[in-house]
Amino acid sequence: MTKVAILGSENSHAWHFAAALSGKDGSRLYQDIELIGVYGDISREDGRKGNEEIAKVSSCPQFAGHYDDFLSEADAVMVTARHGDNHLKYAYKYIEKGIPVWIDKPITANEADAAALAALAKKHRAPICGGSSLVHTDEIKRLCAYVKENRADVLGGHVTAPVNLENDYGGFWFYSQHLVQMITAVFGIDVKSVTAKRENNSVRAVYRYEDFCVTAFFGTGYTASVYKSGYDAVSCNIHLGDDYFLPELNDFYQMIKTGRGVADFREFIAPVILIGATKRAFEENRETAVTIPEV
């Protein structure tokens with residue numbers, strides 16, 4: 001039996017994961033996974049509420065007082081804190097231990113933490129995965145395959161997603177990984193630069209690759225388009241169903257069973273680097289170069 005802990009109860013993702021792993025009615029999505037507990041920061045209202053919500057839907061046996069309380073017992077953890085600034089902090093000692101760690105979006109809320117997290121996982125050979133649920137949708141998977149098959153003929157693309165610019169969880173960092181990770185999944189991580197402009201509660205951006213650009217609008221529903229020579233284009237509206245979290249949970253489960261996390265650490269942290277570059281671009285009103293560090 002693999003013992004799992006969830007770190008960060010204030011996120012609705014944590015509520016779904018806890019209910020699936022250890023339902024109030026005794027049900028379990030995976031018979032060989034045991035949810036041993038959850039940590040929520042009870043000094044904050046959202047942490048207290050998160051614990052209450054998990055208690056309503058899950059038979060979680062323990063609510064810990066500190067995120068390191070499961071170190072001696074957990075075989076794997078899920079980091080679901082809403083603020084990306086907490087992700088490296090919560091995950092650090094578990095990664096040092098070398099156990100599987102799943103990390104919610106944004107992977108971190110600054111580029112230095114992302115690089116440090118990846119380097120730590122590499123050093124301790126700890127399997128890690130996580131990020132945005134959008135890359136697991138059928139629509140994005142189809143666009144990934146389309147670009148792979150037609151890469152030489154791709155002329156560009158356009159991607160949209162919601163954004164939340166004013167919040168207690170890092171502002172632009174909080175929600176922007178959904179859009180940015182769709183871009184890196186479909187078009188690759190080799191972005192050279194980004195320009196961006198904030199317009200009230202939205203952001204428009206241009207991500208420049210070597211041979212094309214991808215435009216983006218942070219501020220509406222989930223859509224994605226790929227433009228190809230010959231006046232061809234593929235576009236899709238992306239709809240997340242009630243079970244949107246299950247592919248992420250299955251990724252975590254497969255990582256536990258195989259001992260293998262992401263294969264490419266640079267690809268894993270690329271969305272964080274692009275978010276930081278985008279934020280600087282619209283705050284400083286300049287084109288910002290993108291450099292994804294080696295890990």
Side-chain angles (χ1 to χ4, degrees), residues 4-21 35 37-58 60 63-70 77-95 101-114 116-117 128-136 161-182 201 203 218-219 222 240 242 244-249 251-252 268-269 271-272 274-276 278-279:
V4 168
I6 296 174
L7 310 177
S9 67
E10 70 275 15
N11 191 331
S12 62
H13 297 178
W15 313 346
H16 292 311
F17 293 149
L21 294 175
L35 178 64
V38 171
Y39 165 72
D41 183 356
I42 60 172
S43 71
R44 292 178 53 91
E45 181 180 354
D46 56 2
R48 295 191 295 272
K49 178 185 176 183
N51 285 358
E52 293 170 2
E53 292 297 327
I54 287 176
K56 291 177 185 177
V57 299
S58 170
C60 172
F63 289 92
H66 193 276
Y67 48 84
D68 287 339
D69 283 355
F70 301 107
V77 297
M78 306 188 81
V79 177
T80 54
R82 293 194 96 190
H83 201 313
D85 273 350
N86 289 323
H87 289 179
L88 176 60
K89 178 173 66 176
Y90 285 12
Y92 197 96
K93 290 186 178 179
Y94 297 95
I95 293 175
V101 176
W102 183 91
I103 303 170
D104 207 349
K105 60 82 190 159
I107 299 302
T108 63
N110 66 74
E111 295 114 308
D113 275 6
L117 188 151
I128 57 174
C129 69
S132 171
S133 56
L134 270 295
V135 297
H136 298 287
V163 73
N164 185 331
L165 295 171
E166 305 294 338
N167 56 73
D168 294 330
Y169 306 106
F172 182 66
W173 286 97
F174 175 46
Y175 223 72
S176 53
Q177 182 157 341
H178 285 315
L179 190 155
V180 171
Q181 194 172 346
M182 285 193 285
N201 293 317
V203 173
F218 299 82
Y222 298 111
L240 291 174
D242 293 338
Y244 72 91
F245 63 93
L246 287 178
E248 297 177 295
L249 193 53
D251 258 13
F252 177 57
F268 184 64
I269 66 172
V272 177
L274 288 184
I275 294 168
T278 306
K279 187 170 184 287

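With sequence neighbours excluded, the residues forming a side chain to side chain contact (heavy atoms under 4.5 Å, CB included) with Ile42 are Arg48, Asn51, listed by chain and number. Taking the ring pair (Phe, Tyr, Trp, His ring centres under 6.0 Å) definition, one finds that Phe252 meets it with nothing, sequence neighbours left out. Remark: Lys49 pairs with no residue by the salt bridge (Lys or Arg N to Asp or Glu O under 4.0 Å) rule, at least two apart or across chains. For Tyr92, there are no ring pair (Phe, Tyr, Trp, His ring centres under 6.0 Å) partners at least two apart in sequence or on another chain. Remark: Lys56 engages Glu53 in a salt bridge (Lys or Arg N to Asp or Glu O under 4.0 Å) (not counting sequence neighbours). Annotation: ring pair (Phe, Tyr, Trp, His ring centres under 6.0 Å) contacts of Tyr39 (sequence neighbours excluded): Tyr67, Tyr90. Asp68 pairs by the salt bridge (Lys or Arg N to Asp or Glu O under 4.0 Å) definition with Lys93, not counting sequence neighbours. Here Glu10 pairs with nothing under the side-chain hydrogen bond (donor to acceptor under 3.5 Å, both in side chains) rule; sequence neighbours left out. In terms of the side-chain hydrogen bond (donor to acceptor under 3.5 Å, both in side chains) criterion, residue partners of Thr278 (sequence neighbours excluded) are, by chain and number, Tyr207. Take Asp46 and apply the salt bridge (Lys or Arg N to Asp or Glu O under 4.0 Å) test, not counting sequence neighbours, and it matches Arg44. A search for side-chain hydrogen bond (donor to acceptor under 3.5 Å, both in side chains) contacts involving Gln181 returns Gln177, not counting sequence neighbours.
In this structure, Ser132 and Leu134 approach most closely via the heavy-atom pair OG-N, 3.0 Å. In terms of heavy-atom proximity, Ala109 sits nearest to Trp173 at O-CE2, 3.3 Å. Shortest non-hydrogen contact noted between Phe70 and Gly37 is CZ-C, 3.5 Å. Contact record, Leu35 with Cys60: CD2-CB, 4.1 Å, taken as the closest heavy-atom pair. Annotation for Leu179 and Ala161: closest pair CD1-N, 3.5 Å, computed over non-hydrogen atoms. When all heavy atoms of Ala116 and Leu88 are compared, the closest pair comes out as CB-CD2, 4.0 Å.
Taking CG of Asp41 as the start and NE2 of His66 as the end, the distance is 9.5 Å to the nearest 0.5 Å. For the atom pair CG (Asp251) and CG (Leu246), the distance works out to 11.5 Å, reported to the nearest 0.5 Å. Atom CZ of Phe245 and atom CG of Leu240 lie 12.0 Å apart (nearest 0.5 Å). With values rounded to the nearest 0.5 angstrom, Ile6 atom CD1 is found 6.0 Å from Ile54 atom CD1. Ile107 contributes atom CD1, which lies 8.0 Å from atom NE2 of His87 (distance to the nearest 0.5 angstrom). Atoms CZ and CG, from Phe174 and Asp168 in turn, are 9.5 Å apart once rounded to the nearest 0.5 Å.
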*Determine, step by step, whether Phe172 and Phe218 satisfy the ring pair (Phe, Tyr, Trp, His ring centres under 6.0 Å) criterion, reporting the C-alpha distance in whole Å, the side-chain angles of both residues, the deciding distance to 0.1 Å, and the verdict.*
CA-CA 10 Å; Phe172 182 66; Phe218 299 82; 5.1 Å; yes
*Using the side-chain hydrogen bond (donor to acceptor under 3.5 Å, both in side chains) rule, take Thr108 and Asn110 through it: C-alpha gap first, then chi angles, then the decisive distance, then the call.*
CA-CA 6 Å; Thr108 63; Asn110 66 74; 5.2 Å; no
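Screening Leu249, Val4, Thr80 for a side chain to side chain contact (heavy atoms under 4.5 Å, CB included) with Trp102, the sole residue that qualifies is Thr80.
In this structure, the side chain of Tyr175 does not engage the main chain of Leu165 through any donor-acceptor pair within 3.5 Å. Under a 3.5 Å cut-off, the side chain of Ser176 and the backbone N or O of Ile275 do not form any donor-acceptor pair.
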Donor-acceptor list for residues 12-21 side chains, cut-off 3.5 Å, not counting sequence neighbours:
from: His13; atom 1: ND1; to: Asp104; atom 2: OD1; distance (Å): 3.3
from: His13; atom 1: ND1; to: Asp104; atom 2: OD2; distance (Å): 2.6
from: His13; atom 1: NE2; to: Tyr244; atom 2: OH; distance (Å): 3.4
from: Trp15; atom 1: NE1; to: Ser9; atom 2: O; distance (Å): 2.7
from: Trp15; atom 1: NE1; to: Asn11; atom 2: O; distance (Å): 3.4

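In this structure, the side chains of Ile128 and Leu117 come closer than 4.5 Å at one or more pairs of heavy atoms.
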